[in-house]
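Structure first, then comments.
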Protein chains: 2
Amino acid sequence: MNVAKDSAAPHPRLSNEDRREQIMQAASVVFAERGYAGGTTDAVAKQAGISQAYVVRMFGSKEQLFVEVAKRAADRVAAGFRSAIAEFAGNETAHEKQAILGKVYADLVADRGILLVLMHLFTMGHDPTFGPNSRECFLRIYRLVRDDAGMGPGEATQFMAQGMLVNTLLAMRIPDVLDEQPDAAELFDYCTGAQTDGILEMYWRPNGA
Amino acid sequence: MNVAKDSAAPHPRLSNEDRREQIMQAASVVFAERGYAGGTTDAVAKQAGISQAYVVRMFGSKEQLFVEVAKRAADRVAAGFRSAIAEFAGNETAHEKQAILGKVYADLVADRGILLVLMHLFTMGHDPTFGPNSRECFLRIYRLVRDDAGMGPGEATQFMAQGMLVNTLLAMRIPDVLDEQPDAAELFDYCTGAQTDGILEMYWRPNGA
DNA sequence: CGCTGTAGTAATCAGTTGATTACAACTATT
DNA sequence: AATAGTTGTAATCAACTGATTACTACAGCG
């Protein structure tokens with residue numbers, strides 16, 4: 001039996017796998033708020049409660065860490081969509097499909113890490129490393145919506161457009177000024193449609209789900 | 001009469017006003033590609049061909065410089081829309097208005113500075129300085145489209161959504177992979193509609209207009 | 001117990017960065 | 001021509017940052 005170290009032990013000593021996951025979660029928070037250039041490996045380390053040296057050694061470089069964090073964010077969106085699509089009855093209209101996937105997306109981006117890390121990735125299309133990555137992530141989601149969900153290219157495009165507007169509004173923290181800015185409330189309402197209340201409910205929590 | 005200094009003079013010695021404009025143009029290029037945190041005042045200075053110290057002293061701080069650059073980007077979008085709206089005949093359908101303003105927007109974001117600086121601004125909604133600024137800039141455009149252009153809230157929202165998707169596709173440099181990625185070509189085509197060719201034509205030039 | 005691999009850190013380093021200061025060069029006014 | 005204001009820079013600084021190295025501590029295995 002282990003000695004009693006279950007409560008607030010100074011060094012829980014995680015496995016490689018668990019620690020990786022923990023660092024990526026911390027990096028997601030840090031990169032989301034500060035961007036790639038502004039997110040320091042030291043901030044990630046502090047967020048994870050470990051040393052800065054360990055963060056760098058675990059992923060080789062800050063660049064590689066960001067790539068993996070961004071990739072995982074896209075993975076989660078894809079997984080969320082796939083699992084929702086798997087439960088389609090098959091007779092939904094394109095509009096109904098949009099509503100279902102829209103709700104799933106609202107759940108996903110309640111995690112500001114997913115939301116903002118992807119947005120930061122998209123703004124680095126010029127970068128030799130991040131650029132190809134960003135295009136691949138985005139097109140993967142597009143294909144999922146168009147093919148697996150079975151929307152036409154037009155409907156899929158419109159769905160992606162609405163998603164990008166939701167991204168922007170949430171990134172800007174529009175929900176913070178809903179009370180004092182009637183126009184913001186109107187725009188947010190028209191954009192999120194039936195999901196408005198659900199999104200707002202999740203928005204005020206520390207993290208989604 | 002001035003002495004002959006019109007050809008490649010080492011120090012043209014600009015007026016305060018002209019120099020400000022030149023620095024902001026340089027900063028627009030630098031911040032666009034590197035983001036706020038990644039864009040150094042030294043890179044701005046080199047882009048403008050002056051010393052780093054002068055960049056900082058002219059604007060007080062890097063933060064203030066970014067605020068002014070972002071504000072000017074939003075101003076240009078607003079001015080472009082306003083001048084197009086001023087030429088409305090008054091009997092356009094909402095769809096026609098969207099097409100006209102869409103074309104104007106395509107012209108504007110051919111300048112990657114405008115496009116990306118605004119996107120970077122939008123991702124900093126949490127920042128006490130940039131946050132209020134980003135919301136104000138965005139809502140200003142929304143009101144312009146909804147009120148001055150006379151679209152309803154629904155049409156205006158849809159127009160903004162399409163704009164955010166165009167932003168994302170251009171930021172990711174989707175046009176760079178149009179040939180090897182058929183899905184990218186399809187998405188871009190459906191998104192830009194009648195303006196596809198016009199946008200691409202401008203995309204390959206050093207700068208818009 | 002000794003050995004080996006793994007988790008984790010402290011210390012350090014070279015390069016960068018925003019900002020400040022003091023100073024030089026030019027221009028206009030009187 | 002002396003004065004004063006403006007344009008612009010070189011030099012410098014303290015703080016920061018990603019990465020490397022050498023080290024410690026612990027766990028499993030024979």
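Proteins come first, then strands; the chains are lettered A, B, ... in the order of their sequence lines, and each starts at number 1. Source: prediction; values computed, not measured.
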Legend entry - Closest to side chain of A:Ala53, choosing from C:dG8, C:dA19, C:dA10: C:dA10
Legend entry - Residue B:Val56, side-chain atoms from C-beta onward, closest of C:dT9, D:dG18, C:dT20: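 Nearest nucleotide to the side chain: C:dT20.
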Measure from [atom1] on [X] to [atom2] on [N] and round the result to the nearest Å.
X       : N      : atom1 : atom2 : value
B:Phe59 : C:dT17 : CZ    : P     : 20 Å
B:Tyr54 : D:dA10 : OH    : P     : 14 Å
B:Arg34 : C:dT16 : CZ    : C1'   : 12 Å
B:Tyr36 : C:dG18 : OH    : P     : 8 Å
A:Glu17 : C:dA7  : CD    : C1'   : 15 Å
A:Lys46 : C:dA10 : NZ    : P     : 11 Å
B:Asp42 : C:dA19 : CG    : P     : 13 Å
A:Gln52 : D:dC16 : CD    : P     : 14 Å

Inset, instruction - Give one of base, sugar-phosphate or nothing for A:Ser51, where a contact means two heavy atoms less than 4.0 Å apart. - result: base
Inset, instruction - Just call it for A:Gly60: base, sugar-phosphate, or nothing, with non-hydrogen atoms closer than 4.0 Å on any strand. - result: nothing
Inset, instruction - Please state whether the rings of A:Phe130 and A:Tyr36 are parallel, tilted or perpendicular, taking 30° and 60° as the class boundaries. - result: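 Because their plane-to-plane angle is over 60°, the rings of A:Phe130 and A:Tyr36 count as perpendicular.
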Using only side-chain N and O atoms of [X], determine if any of them is under 4.0 Å from OP1 or OP2 of [N].
X       : N      : result
B:Asn16 : D:dT6  : no
A:Arg19 : C:dA7  : no
A:Thr41 : D:dG18 : yes

Legend entry - Side chain proximity check, B:Asp111 to B:Arg76, heavy atoms < 4.5 angstrom: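 Side chain of B:Asp111 against side chain of B:Arg76, heavy atoms only: contact under 4.5 Å found.
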Inset, instruction - With the side chain counted from C-beta on, respond yes when B:Leu65 and B:Val55 share a heavy-atom pair under 4.5 Å apart, and no when they do not. - result: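 Yes, at least one pair of side-chain atoms sits under 4.5 Å.
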Inset, instruction - Check the side chains of B:Tyr105 and B:Asn167 for a donor-acceptor pair under 3.5 angstrom, ignoring hydrogens and angles. - result: yes
Inset, instruction - Confirm from the modelled atom types if B:Arg57 and D:dG8 form a donor-acceptor pair under 3.5 Å, side chain to base only. - result: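 In this structure, the two groups form a donor-acceptor pair.
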Inset, instruction - Please report the closest heavy-atom contact between B:Leu115 and B:Ala171, naming both atoms and the distance. - result: CD2-N, 4.0 Å
